[in-house]
There are 2 protein chains.
Amino acid sequence: MISQSVNDKRTDLLAAALKLFVQYGFHGTPTSQIAKQAGVANGTLFHYYKTKEDLIVSLYIDIKLRMGQYIEAKAEPHKNPKKNFRNQFIEIVLWSLENKDDFYFIQQFHNSPFAALVPPEEIQMQLNKFCGQIEDAIKLKAIKNRDTDFILSLITSHTYGLTQYLTKAKFDDDKQKKIIKDSFDMLWKMIE
Amino acid sequence: MISQSVNDKRTDLLAAALKLFVQYGFHGTPTSQIAKQAGVANGTLFHYYKTKEDLIVSLYIDIKLRMGQYIEAKAEPHKNPKKNFRNQFIEIVLWSLENKDDFYFIQQFHNSPFAALVPPEEIQMQLNKFCGQIEDAIKLKAIKNRDTDFILSLITSHTYGLTQYLTKAKFDDDKQKKIIKDSFDMLWKMIE
DNA sequence: ACATTTGTAGAGTGATTAGTCAATCTGTAA
DNA sequence: TTACAGATTGACTAATCACTCTACAAATGT
């Protein structure tokens, strides 16, 4: 099964890159190390990814894709916008906690010059889902009437801050869930 | 005046490094470029900073110091905790907007393996001021009774999110101030 | 005046790295 | 069986980079 093995190598490379990037940073990780960690030859890496940059951007897009799929799979669409936001908020935080490396990589990537290299259509795709929801909620007067991007910024950074906090402090699952719910209530108080 | 000229070279180097790091990233910026931009010889850079890493960490500490001084200079201590938070919140956001490179550098730095290299006493120093204020406010029941670090995380990320938003969208000063104030009111609603 | 320390320069060095390439292997299809 | 396309390899290269070293200049102390 050739296409299977191709996918394996591709994902092996991405997984290896993720692990090493998170630990040593982009520049601290030579492509030779990534290849070694993935169990393939140096040249193979460049067979699948034209440049190191290409690998980095591909990894970002892959992570975003996986996160999107995860959230979508867990989504239970409600008429009630609050419940919708609540569900998604909780799922995103849980995903981030279960995939700390991915989460950390995204932050690292966002605050790097590589961020400018993501194709615009990728960015737009990711935003559209959320922006639509926010606009709907505003129309229904479920949340404050502010610029959509503004609301999105506040929600995103709130999610980020909470995840950062939960990552540093180690709580058991129950306590963690309580904090997440509490945190959403606070967020909602802010934007409702 | 030798000490003057020494300071000049040091600050020239930091300023050059800041500009280039923000544009090209840590690894995308060779020390030779930093020296050139600062108008000094390559070797001079290594006279003042033992390694590139040392330069990066020093730059971070320098920026944090300057920000702290700016905030402190503008501080008008109130008995009222809300007014205190409000003042500081506004000042931090304004500083970030006036010093976009510094702001961006800090994010870049925080999400990089270099963050682990900051001497612990530096970190503690910065946290103490804020944590004290938060604890006081909790005692006075001005804000919700939650873990100090939790509150701090939420405030920090809120500030960050707002600054990100204002940096991307370009508003005139009046509009900007309105948004900042509005944003603080929302933040306060969340934690009061 | 002299000695000593400190600052500055920039060519040089050794190590490292992204990316190439020619050769070999593997699977498929006629 | 043969032919062919893609996959895989790893030695190789050209370039780059962090950092050193030596020589000299400027400032400071005595």
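To find a chain, count down the sequence lines: A is the first, B the second, and so on, and within it residues start at 1. Please read all numbers here as calculations on a predicted model, not as lab measurements.
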A:Arg10 CZ - D:dG6 C1' separation (whole Å): 13 Å
A:Lys83, NZ atom: more than 12 neighbouring heavy atoms under 6.0 Å: no
Whole angstrom value for the distance that separates P of D:dC17 from CG of B:Leu55: 15 Å
Presence of B:His47 side-chain N/O under 4.0 Å of C:dG7 phosphate oxygens OP1/OP2: yes
Donor-acceptor pairs under 3.5 Å, side chain of residues 16-45 of chain A to any protein atom, not counting sequence neighbours: which ones?
residue: A:Thr29; atom: OG1; partner: A:Leu20; partner atom: O; Å: 3.3
residue: A:Thr29; atom: OG1; partner: A:Gly25; partner atom: O; Å: 2.7

Pairs involving residues 130-143 of chain B, ordered by first then second residue, that meet side chain to side chain donor-acceptor pair (under 3.5 Å) (sequence neighbours left out): B:Gln88-B:Gln133
Atom pairs and distances, side-chain donor-acceptor, residues 55-66 of chain B, under 3.5 Å, sequence neighbours left out:
residue: B:Ser58; atom: OG; partner: B:Asp54; partner atom: O; Å: 2.7
residue: B:Ser58; atom: OG; partner: B:Asp54; partner atom: OD1; Å: 3.4
residue: B:Tyr60; atom: OH; partner: B:His110; partner atom: NE2; Å: 2.9
residue: B:Asp62; atom: OD2; partner: B:Arg66; partner atom: NE; Å: 3.2
residue: B:Arg66; atom: NH1; partner: B:Asp102; partner atom: OD2; Å: 3.3
residue: B:Arg66; atom: NH2; partner: B:Asp102; partner atom: OD2; Å: 2.9

Interatomic distance where CG belongs to A:Leu13 and C1' belongs to D:dT8 [whole Å]: 12 Å
Charged N-O contact under 4.0 Å between A:Lys129 and A:Glu72: yes
Contact under 4.0 Å: B:Lys50 side-chain N or O vs D:dC19 OP1/OP2: no
Whole-Å distance separating the CG atom of A:Asp8 from the C1' atom of D:dG6: 17 Å
Short heteroatom pairs, N/O only, protein and nucleotides 10-13 of chain C, under 3.5 Å:
residue: C:dG10; atom: N7; partner: B:Gly43; partner atom: N; Å: 3.3

Atom-pair distance (CG on A:Asp54; C1' on C:dG19), nearest Å: 13 Å
Contacting residues from residues 23-35 of chain A, given that a heavy atom lies under 4.0 angstrom of DNA chain C: A:Thr29, A:Pro30, A:Thr31
Residue-phosphate contact under 4.0 Å: B:Lys9 side-chain N/O, C:dT8 OP1/OP2: yes
Protein-nucleotide distance (A:Lys36, atom NZ; D:dG10, atom P), rounded to Å: 12 Å
NZ (B:Lys189) with more than 12 external heavy atoms under 6.0 Å: no
Spacing between B:Phe46 atom CZ and D:dT20 atom P, to the nearest angstrom: 7 Å
Proximity to the side chain of A:Tyr48 - top-ranked nucleotide from C:dG7, D:dA7, C:dG19: D:dA7
Salt bridge present between A:Lys82 and A:Glu192 (N-O < 4.0 angstrom): no
Verify same cluster id: A:Leu154, B:Phe171 (apolar side-chain graph, 4.5 Å): yes
Of all pairs that satisfy side chain to side chain donor-acceptor pair (under 3.5 Å), the ones with a partner from residues 148-168 of chain B, not counting sequence neighbours: A:Asp147-B:Tyr165, B:His158-B:Ser183, B:Tyr160-B:Gln164
Distance, rounded to the nearest Å, where B:Leu45 contributes CG and C:dT6 contributes C1': 17 Å
